[in-house]
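Each remark here refers to the structure printed beneath this line.
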Amino acid sequence: MDCVLLGSGGMMPMPYRFLTALVVRHQGQLYLFDGGEGCQINLKKAKLGIKSLRVMAVSHLHGDHCLGVPGLLMMRAQVPDAPPLTILGPPGIERFVSQIREALGFFIDYPIRFVEWQEAAGEIAYQDDLVRILWHPLKHTTLCLGYRLEEHPRPGKFKPEVAKSLGIPSGPLWGKLQRGEAVVLDSGKTISPQQVVGKPRPGRHICYAVDTRPSKSLYRLCKDVDAAFLDGMFLPEHQMEAEAKGHMTVDEAARIAFRAGARRAVLVHISPRYNDGDMETLAGAALKRFPNAEMGRDLQVVPVPYREE
Ligand SMILES: [Zn+2]
Ligand SMILES: [Zn+2]
């Protein structure tokens, strides 16, 4: 599992920085978080085949997060036999897509399933054989959703020494136990998988939350994640502006990641006012709060390894 940051900027695409969008890649499948204007360009640059895109999760209906969605849908329609796609987002995302489709009359030859957030929807937005995606409303100037992608827990480790000591011959019986099935030995003794397989091990977790002030929901989404991609729009000296516009300063973002026990924080949605020369100052302010914080870069690949056991 790894993450490809398609862009790291906020508000508008700049010549030196694309808009924030994140692709999580897991077992050849792609999960995209936000699609701002121009996001197809870096998707192509990163050589991420759009056919295997399973989910597009849109945080909110501000242009810098959704204006690229129609283009992505059209691009995906050019691939033969594209499988169904799920679009997650706030109420209005389906209307936004269907109105543009109608106005431009473009053709999409794969099914799209829309899931819009509602008060009563519960925290699980999406689930498949590999992952599940949770969502919570954040604290912005409009309804903005934060997401948490969770890999399903992995089966526990098989203990060969224990299996041998119980007299289970190596071979197909070991395989059955590893898959969670009980087996019967020639002696008539039944062995349950729990006897030879350890506890299930947690999967990896990723948080994507931009355009928000610090909040309890943000903390929950970040809790113990392996990587947190967070709004770090401003330097600490622009705190007032961050509060007024519903964003975070880099130190606020780093602090919440640290407190929530995130392993790593990548700060994104960087204000267009900052250029490459400012990155060190921004990173410095974040590092004071969390030694594993950094400023995101366009096309940065963030590997998400399993935790050591
Ligand atoms: Zn934004
Ligand atoms: Zn916004």
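In listed order, ligands and their atoms are each counted from 1. A quick note: this is a predicted structure, and the numbers were derived from the prediction, not measured.
Using a 4.0 Å cut-off between charged side-chain N and carboxylate O, E294 and R264 make a salt bridge.
Partners of R17 by salt bridge (charged side-chain N to carboxylate O under 4.0 Å, His left out), not counting sequence neighbours: none found. In this structure R113 satisfies the salt bridge (charged side-chain N to carboxylate O under 4.0 Å, His left out) test with no other residue, sequence neighbours excluded.
The distance cut-off of 2.8 Å around the Zn ion (ligand 1) captures these protein N, O or S atoms, sorted by chain and number: D64 OD2, H65 NE2, D211 OD2, H269 NE2.
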Point to revise | Verdict with supporting geometry, Y208 and F229, ring pair (Phe, Tyr, Trp, His ring centres under 6.0 Å) | key: CA-CA 5 Å; Y208 176 86; F229 294 84; 7.3 Å; no

Exercise for review: Could you check D226 against R204 for salt bridge (charged side-chain N to carboxylate O under 4.0 Å, His left out), going step by step and ending with a plain yes or no?
Suggested key: CA-CA 6 Å; D226 295 276; R204 291 158 290 187; over 6 Å; no

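If you look at H140 and ask which of its N, O or S atoms sits nearest the Zn ion (ligand 2), the answer is NE2.
Residue pairs satisfying the ring pair (Phe, Tyr, Trp, His ring centres under 6.0 Å) criterion with at least one member in residues 158-177, sequence neighbours excluded, are listed as follows: F158-W174.
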